[in-house]
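Notes to accompany the following structure.
Both backbone and side-chain heavy atoms feed into the values below; hydrogens, waters and symmetry mates do not. When a ligand or atom number is given, it counts from 1 through the structure's own listing order.
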Amino acid sequence: MPAAPTPRQLETTVRKALDRLPIVDLHTHLFDPALDSMLLWGIDELITYHYLVAEVFRARPDLDYGTYWAMKKTDQADLIWQELFVKRSPVSEACRGILTVMHALGLETRVKDLKAARKYFARQTVRGYVDSVFKIANIDKVYMTNDPMDPQEGPQWLKGFDRDPRFLGVLRLDSVVMGWPDGAARLRALGYEADDGLTGRTFDAMRRYLNDWCERLAARYMAISLPPTFAYPDVHSPVTELMTKAVFPVARERGIPVAMMIGVKKLVNPALRLAGDSLGRSDIDTVERLANDFPDVRFLITMLARENAHELCIAARKFKNIQPFGCWWFLNNPSLILEITRMRFETLGLSFVPQHSDCRVLDQLIYKWQHSRALIAKVLAEKYADLGAAGWVPTARDIERDLRQLLTYAP
Ligand code: HDL
Ligand code: ZN
């Protein structure tokens, strides 16, 4: 009987297997390159990512919000680089990510300015760079976040374009469901005769919109981000009524899941724009009641508050139609990824999706997955080492099979 591998040997083996596995990224804000300027990439987009915007105002509380927003993007990036990377050590996860990307691209990271980096990106073409980033990050496919109500995006889908098969469609619901009756006017503008009231006509119009756009996008799931106050049942809530009487029926008919991303407090500081959202603890009872009352609807669930992470694991043990996914947004930091991934392996085995990147900028795929692969491999190796103590040692095939289940999840 060969000696059981040491924990360190296991971690190396699992990490190498994970590095070799082309990953399916279940939630991003990336776009098919055919959607032109909607796909963000390059050093200035990377450095002005909203996570870093929040951080630069902490480094420079004297900086006026309006002054920053009036700056050109390259000037914003230069300011952030000076304040967070030159005058201070870039120890935050968002700052570290920039260095990981630059290093992976062969760019010097201890530099006073972004001249060399801008020269590098000026030599790239978007389609060539998409191929490079997918190769470096070893990504198979990414799920987009598609909003037909977006004035820049909707018309391009109506016109039609040749799709890149690496970018999968997801119908995002926030702009048509949240803030009702704003969505009613938006539906009418697209030719769906919704009333402002929650009438049968409204639910029919919403269902037609959902079906038409799931078809057009070849949507693999529908997604919505919800506030901590989201509750079910709640007959007074247009969101709850539209989800239960329009979204879930269409998801059931089409055999696709609904991703509910719960816990966002929108724009607690509007002056920060995209960076202005915060979080709150959400109601796991609502998640359990929905899973119980809609047993034939599959729910992809991610919650934004750390306190909800353990509750979601247990709710998923009770309801097989709940699939927890990712360490979302404010949880996408090493200390919390380790904690949450450990509790998920311990309570759910392999029946969860450990991570999604949430990338807004293409190049982020490189860092978000390099950082997460290391952490997921570390935790899985720990669990294998625990099994080794009982004489159960994973084979290379076991490891490959387990990683494939975890990180190539297709809803
Ligand atoms: O609603 C969402 O999909 C969130 O991920 C937001 O887009 C958020 O601003 C974000 O980018 N988180 O990483
Ligand atoms: Zn997102």
List the closest protein heavy-atom neighbour of [atom]: residue, atom name, distance to the nearest 0.1 Å.
atom                    : result
atom 10 (C) of ligand 1 : His50 NE2, 3.6 Å
atom 1 (O) of ligand 1  : Arg172 NH2, 2.7 Å
atom 4 (C) of ligand 1  : Trp328 NE1, 3.6 Å
atom 13 (O) of ligand 1 : Tyr51 OH, 2.4 Å
atom 11 (O) of ligand 1 : Arg360 NE, 2.9 Å
atom 5 (O) of ligand 1  : Asp358 OD2, 2.7 Å

Identify, by name, the N, O or S atom of [X] lying closest to the Zn ion (ligand 2).
X      : result
His29  : NE2
His27  : NE2
Asp358 : OD1

Looking just at side-chain N and O atoms, do [X] and [Y] make a donor-acceptor pair shorter than 3.5 Å?
X      : Y      : value
Gln76  : Asp44  : no
Glu311 : Asn308 : yes
Tyr384 : Asp398 : no

Query raised in the report: How far apart are the C-alpha atoms of Arg96 and Glu93, what are their side-chain angles, what is the distance that settles it, and do they pass the salt bridge (Lys or Arg N to Asp or Glu O under 4.0 Å) test?
Result: CA-CA 5 Å; Arg96 173 199 171 204; Glu93 182 63 7; 3.0 Å; yes
**Report entry** Ion pair Lys383/Asp402, N-O distance below 4.0 Å
**Finding:**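 Answer for the salt bridge query: no.
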Query raised in the report: Heavy-atom contacts under 4.0 Å between Lys266 and ligand 1: side chain, backbone, both, or neither?
Result: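 No part of Lys266 comes within reach of ligand 1.
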Query - pair Phe299-Gln323: side-chain heavy atoms closer than 4.5 Å - result: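 Not in contact.
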Query raised in the report: Taking everything shown except Arg208 itself, do over 12 heavy atoms lie less than 6.0 Å from its CZ?
Result: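 Yes, the 6.0 Å shell around CZ holds more than 12 heavy atoms from other groups.
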Query - Atom indices of ligand 1 within 4.0 angstrom of His27 heavy atoms, with elements - result: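 That gives atoms 3 (O), 5 (O) of ligand 1.
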Requested in this report: Using a strict cut-off of 4.0 Å, indicate which atoms of ligand 1 neighbour a heavy atom of Met261.
Outcome: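 Reading through ligand 1 atom by atom, the close ones are 3 (O).
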Report summary line: From the list His29, Arg172, Glu153, Arg216, side chain to side chain contact (heavy atoms under 4.5 Å, CB included) partner of Asn146 resolves to Glu153
